[in-house]
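Structure, as structure tokens:
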Amino acid sequence: MKKVTIIGSGNWGTAIARIVAENVKNFAEFDNTVNMYVFEEMVDGRKLSEIINTEHENIKYLPGYKIPDNVVAIPDPLEAAKDADILVWVLPHKFVRGAATPLVGKIKPTAVALSLIKGFDIIPGGGIALISDVLHEMLKIDVSVMMGANLAGEVASGQFCESTIGSKDPNTGEMLKRIMQTDYFRIAVVDDIKTIEVCGALKNIVAVAAGIVDGLELGDNSKAAVMRIGLMEMISYAKTFYPESKLTTFFESCGVADLITTCYGGRNRKISEAFVRTGKSMEQLEKEMLNGQRMQGPQTAEEVHLMLGNKGYLEKFPLLVAVHRICIGELKPIQLIDCIRTIRSHF
């Protein structure tokens, strides 16, 4: 039987653990026990892993939703992953290498990974790498991805939504679909991994722009324009750096649907609106408003800006560049519109 381990225990990781733990019970091919790597921290004087294993609830990151008792919280990534056949990665992209390093050379060579991580990894020389490539290079196993319009609280509540799995191997894609799909969580499987990851990372930058528009009270027309321009820059980015990307992937849940959801309901939009209204730094607002969670948009914007600058492409992506410059204080939020006012309608 195949054993599944979840690497990460934030709100999205916990929501996914709940789904996987119920699904493995329905298929004879899977081990019923699901390990979940938990970054250990103290909550109300108790270890978070202890709380999850005794109360079957992640009271810090997904309070109010019970976790099936076949989920076992483990605060050591190697112990959680050593017998796994499927490693589901769902944690902030800046922590990927730290969590993967203890596993190098110590997991099953036949294992597969599924990355739900939305972001890029900085590589020497000012370039950036896809997280799936980082995991593949470090762990020497096949890596698939899953991304979509999936706010953790709504998924945990059982509200209907969709997601997209990208996998090179159709059989692997279907196996991963079996542990993820429910009657309210619909999964499509495609083979365009790189485009799915580009969408998952860049939409967070566009969501920052959408939050800035909300903070400035510029209205729905301006927000729609920012979202359209953002989508076009996402497509242009994929075509520029991954010419094999497929336009149809942008119309899956990982593309336009995730963009819409993040620009209206995501944490990047929420913090960016407060950033404009309060004048506080995004780092301070993160601490005040996200209860330990992280917003990915500003960091991803910094990574993308560095890479675009090194390759001489800054002028080709004015929205992505403007978001970074606003986040670091080079531009005032109101200047976002000036940066995109004269953009052509096509790329």
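Please read all numbers here as calculations on a predicted model, not as lab measurements.
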Item to check | Side-chain donor-acceptor contact under 3.5 Å, K239 with S245 | outcome: no

Checklist entry - Less than 4.0 Å between a side-chain N and a carboxylate O, is that true for R178 and E29? => result yes

Item to check | Where V143 and S115 come nearest, the two heavy atoms and their spacing | outcome: CG1-CB, 4.4 Å

Checklist entry - Should we say atom CD of E315 is surrounded by more than 12 heavy atoms from elsewhere, each under 6.0 Å from it? => result no

Item to check | Ion pair check, E40 and K47, cut-off under 4.0 Å | outcome: no

Checklist entry - How far apart are the C-alpha atoms of R269 and E273, what are their side-chain angles, what is the distance that settles it, and do they pass the salt bridge (Lys or Arg N to Asp or Glu O under 4.0 Å) test? => result CA-CA 6 Å; R269 187 220 64 81; E273 178 182 7; 2.6 Å; yes

Item to check | SB check K270 D214 (cutoff 4.0 Å) | outcome: no

Checklist entry - Using the benzene-type ring in the case of Trp, are the ring centres of Y313 and F241 under 6.0 Å apart? => result yes

Checklist entry - Regarding H324 and E303, is there a side-chain donor-to-acceptor distance under 3.5 Å anywhere? => result no

Checklist entry - Looking at Y264, is K223 sitting on its ring face, NZ or CZ under 6.0 Å from the six-membered ring centre and within 45 degrees of the normal? => result yes

Next on the checklist: When you compare the side chains of N11 and R267, does any donor N or O come within less than 3.5 Å of an acceptor on the partner?
Outcome noted: yes

Item to check | Same apolar cluster (I L V M F W Y, side chains within < 4.5 Å links), F95/L48 | outcome: no

Next on the checklist: Between E162 and R186 (side chain of the first, backbone of the second, donor and acceptor by atom type, cut-off under 3.5 Å), is there such a pair?
Outcome noted: no

Item to check | Any F160 side-chain heavy atom under 4.5 Å of T182 side chain | outcome: no

Checklist entry - Are V226 and I205 co-members of a hydrophobic cluster defined by side-chain heavy atoms under 4.5 Å apart? => result yes

Item to check | Test: D121 and K94 ion pair at under 4.0 Å | outcome: no

Next on the checklist: Tell me whether K177 at atom NZ has more than 12 heavy atoms from other residues, nucleotides or ligands lying less than 6.0 Å away.
Outcome noted: yes

Checklist entry - Do the side chains of I86 and T5 get nearer than 4.5 Å, heavy atoms only? => result no

Item to check | Within one Ile-Leu-Val-Met-Phe-Trp-Tyr cluster: I16 and L91, side-chain cutoff 4.5 Å | outcome: no

Item to check | Distance-only donor-acceptor check, side chains Y65 and S157, under 3.5 Å | outcome: yes

Item to check | side chain to side chain contact (heavy atoms under 4.5 Å, CB included) between V145 and L116, worked out | outcome: CA-CA 6 Å; V145 300; L116 280 61; over 6 Å; no

Checklist entry - So with a 6.0 Å cut-off around NZ of K332, is the heavy-atom count from everything else above 12? => result no

Next on the checklist: Let's go through K246 and V190 carefully: what are the C-alpha distance in whole Å and the side-chain angles of both, what is the deciding distance for side chain to side chain contact (heavy atoms under 4.5 Å, CB included) to 0.1 Å, and is it a yes or a no?
Outcome noted: CA-CA 10 Å; K246 301 175 182 178; V190 301; over 6 Å; no

Item to check | N221 atom CG, over 12 foreign heavy atoms within 6.0 Å | outcome: no

Next on the checklist: Set out, in order, the CA-CA distance, both residues' side-chain angles and the distance that settles side chain to side chain contact (heavy atoms under 4.5 Å, CB included) for V155 and I19, then state yes or no.
Outcome noted: CA-CA 9 Å; V155 174; I19 289 175; 3.7 Å; yes

Item to check | Lys/Arg N to Asp/Glu carboxylate O, K118 vs E197, below 4.0 Å | outcome: no

Checklist entry - Any sub-3.5 Å donor-acceptor pair from Q296's side-chain atoms to P92's backbone N or O? => result no

Item to check | Nearest-0.5 Å distance that lies between atom CG in D258 and atom NZ in K203 | outcome: 4.0 Å

Item to check | Same apolar cluster: W12 and I271, side chain cutoff 4.5 Å | outcome: no

Next on the checklist: For a quick test of reading the model, state the closest non-hydrogen atom pair linking I7 to A99 and the distance between them.
Outcome noted: CG2-CB, 4.3 Å

Item to check | F39 atom CZ, over 12 foreign heavy atoms within 6.0 Å | outcome: no

Item to check | Other residues, nucleotides, ligands: >12 heavy atoms within 6.0 Å of K287 NZ | outcome: no

Checklist entry - Hey, does the side chain of N268 reach the backbone of M295 with a donor-acceptor pair shorter than 3.5 angstrom? => result no

Checklist entry - Does a donor on one side chain and an acceptor on the other come within less than 3.5 Å for N150 and S163? => result yes

Next on the checklist: What I want to find out is whether D83 reaches K108 closely enough, with some N-O distance under 4.0 Å, to be called a salt bridge.
Outcome noted: no

Next on the checklist: Taking E79 first and then K106, would you say they form a salt bridge - that is, a charged N and a carboxylate O separated by under 4.0 Å?
Outcome noted: no

Item to check | salt_bridge(D142, K168) N-O dist < 4.0 Å | outcome: no

Checklist entry - Would a distance-only check, ignoring hydrogens and angles, find a side-chain to backbone donor-acceptor pair under 3.5 Å from S236 to M232? => result no

Item to check | Basic-acidic side-chain contact under 4.0 Å: K280, E288 | outcome: yes

Checklist entry - Are any of the side-chain heavy atoms of K3 and N35 separated by less than 4.5 Å? => result yes

Item to check | Verify same cluster id: L151, M146 (apolar side-chain graph, 4.5 Å) | outcome: no

Checklist outcome for this item: Value for CZ (F27) from CE (M1), rounded to nearest 0.5 Å, stands at 14.5 Å

